[in-house]
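Have a look at the structure below, then the notes.
Chain identifiers are assigned alphabetically (A, B, ...) following the order of the sequence lines, protein sequences preceding nucleic acid strands; residue numbering begins at 1 within each chain. Note that the structure is predicted; figures quoted are calculated from it, not measured.
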Protein chains: 2
Amino acid sequence: MVKLAIPRKAVYRLSLYQRSLQRLKANKVSTVSSAALAKAAGVKPTQLRKDLTYFGQFGTRGLGYDVEALSNKLVEALGTTRLQPVILVGVGNLGSALLHYQGFAKEGFEILAAFDIEPGKKHHFDIPVLPMGRMREFIRTKKIKMAVLSVPGTVSQEVANELVAAGIQGILNFSTIILQVPDGVVVNNVDLAMELENLSYFIR
Amino acid sequence: MVKLAIPRKAVYRLSLYQRSLQRLKANKVSTVSSAALAKAAGVKPTQLRKDLTYFGQFGTRGLGYDVEALSNKLVEALGTTRLQPVILVGVGNLGSALLHYQGFAKEGFEILAAFDIEPGKKHHFDIPVLPMGRMREFIRTKKIKMAVLSVPGTVSQEVANELVAAGIQGILNFSTIILQVPDGVVVNNVDLAMELENLSYFIR
DNA sequence: AATTGTGAATTGATTCACAGCT
DNA sequence: AGCTGTGAATCAATTCACAATT
């Protein structure tokens, strides 16, 4: 499959370009050069152009890129055309924070349900908080592919195993444990404390 | 400065190793091989060993690493020995979520104060939520170096400028805008929706 | 005249392979 | 015998430089 030839980081940057294009579109800008778009995304112009070549040719020499058209192509390339249903597991401090967070929905992800060992901490929100016992069945019947994992590190591997067994293929992991998962399952880690630690290293 | 010779990603991994070491320490394990530690951190043994050489020699050939000693060395290398005071700007959905999040404190970061245009949304917490007008002075007098930025994208650049002007050197940016900052200021971006988008690309 | 698209060159990161210690 | 430390080799990503196009 050709997709595998694309550097992983290039895919991240595609999302970045997409964000900038959305803003340009909102400002009624119809055409943009690689220089301008790259600046907005915080990369070099050549890198932007190279990234785009992994997917095709979208620009007009001498002119630049059509904002609308390029945006559409990126959406298509990223596979964010249709809505992706998602579940969240672990409604603790961080988990309930994430449930309140509007940013997911804005980019086309809908959290269908949350799961917790103690679903009594239920939300005044439209998102139902269900007991862990119902998770497997939920994933199976709704054909959920992606999960946000915000349980404590002590149980995160165990829960990840359940998720995988139920058919989850992508996990956004907020625990500080590096999950061991079989091939074919993708894990993205977000470790907030680590980001701060990293910052503190680079200031001075 | 020698520090600049160290790959940026190696510093991230150092935090990862540190995490695994803490767990080993908690389990009263006193010695660990590069193979075992690398597995826990999700990297290859050679990479772990190479990463460590950027900072010095810590192991004993034929034996492995002393958990306690290596952990101490990493803490020192990462500069997380003393507590780092931090401020948070933008107490919206995500911001207030982050205020509740215990993970920062656990890794030695203390959020001294939060700032918001509408500090009336004040917290029942020990962390005071102050008006933006008092931010600059606060940063200056308390000599704060790091800030968590969770304001809406529409104002994030503007607020970042203020932070930098006041003396902030490291920003953990949760807005979806790539910040333009002068040399010497470090920005780490956390974009949750983008992480999901990225996952969704790789599943299938 | 301006700007893309891209092969070639460069730079950077990872992995290998094995010498060096304990 | 086992495992680290590291120079050399490999692999991957970025940037350059310029031909191609409008």
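Closest to the side chain of B:K50, out of D:dA13, C:dT15, C:dT4, is C:dT15. Which of C:dG5, D:dT4, C:dT14 sits closest to the side chain of B:S33 comes down to D:dT4. Counting only heavy atoms from C-beta on, B:R61 has its side chain closest to C:dA19 among C:dT14, C:dA19, C:dG5.
Between the P atom of C:dT15 and the CG atom of B:L52 lies a distance of 15 Å, rounded to the nearest Å. Distance, A:Q47 CD to C:dA9 P: 20 Å, rounded to whole Å. At whole-Å resolution of the value, CG in B:L48 and P in C:dA13 are 17 Å apart. Per the geometry, CG belonging to B:D66 stands 13 Å off P belonging to D:dT4, to the nearest Å.
Within a 6.0 Å sphere centred on NZ of B:K25, heavy atoms belonging to other residues, nucleotides or ligands number more than 12. By the neighbour-count criterion of 12 heavy atoms within 6.0 Å, atom CZ of A:R8 is densely surrounded, having more than that number from other residues, nucleotides or ligands.
Using a 3.5 Å distance cut-off with no hydrogens or angles, the side chains of A:Y17 and A:D51 do pair a donor with an acceptor.
Contact annotation: B:Y54 does not reach the phosphate of C:dG12 (side-chain N/O to OP1 or OP2, under 4.0 Å). An OP1 or OP2 oxygen of C:dT14 is reached within less than 4.0 angstrom by no side-chain nitrogen or oxygen of B:T46. Considering only side-chain N and O atoms, A:K44 lies under 4.0 angstrom from the phosphate OP1 or OP2 of D:dT15. For D:dT4, the OP1/OP2 oxygens have no side-chain nitrogen or oxygen of B:T60 closer than 4.0 Å. Side-chain nitrogen and oxygen atoms of A:Y65 include at least one within less than 4.0 Å of the OP1 or OP2 phosphate oxygen of C:dG5. Distances shorter than 4.0 Å separate none of the side-chain N or O atoms of B:R13 from OP1 or OP2 on C:dA13. A:R49 has a side-chain polar atom (N or O) that falls below the 4.0 Å cut-off from OP1 or OP2 of C:dT4.
Along DNA chain C, the nucleotide closest to A:L63 and the one closest to A:Q57 are compared, and the more 5′ of them pairs with A:L63. If you find the closest nucleotide of DNA chain D to B:G56 and to A:K9, the one lying nearer the 5' end belongs to B:G56. If you find the closest nucleotide of DNA chain D to A:G62 and to A:D51, the one lying nearer the 5' end belongs to A:D51.
Here A:Y12 contributes atom OH and B:N198 contributes atom CG; the two are 4.0 Å apart, rounded to the nearest 0.5 Å.
At least one side-chain heavy atom of A:L99 sits less than 4.5 Å from a side-chain heavy atom of A:V91.
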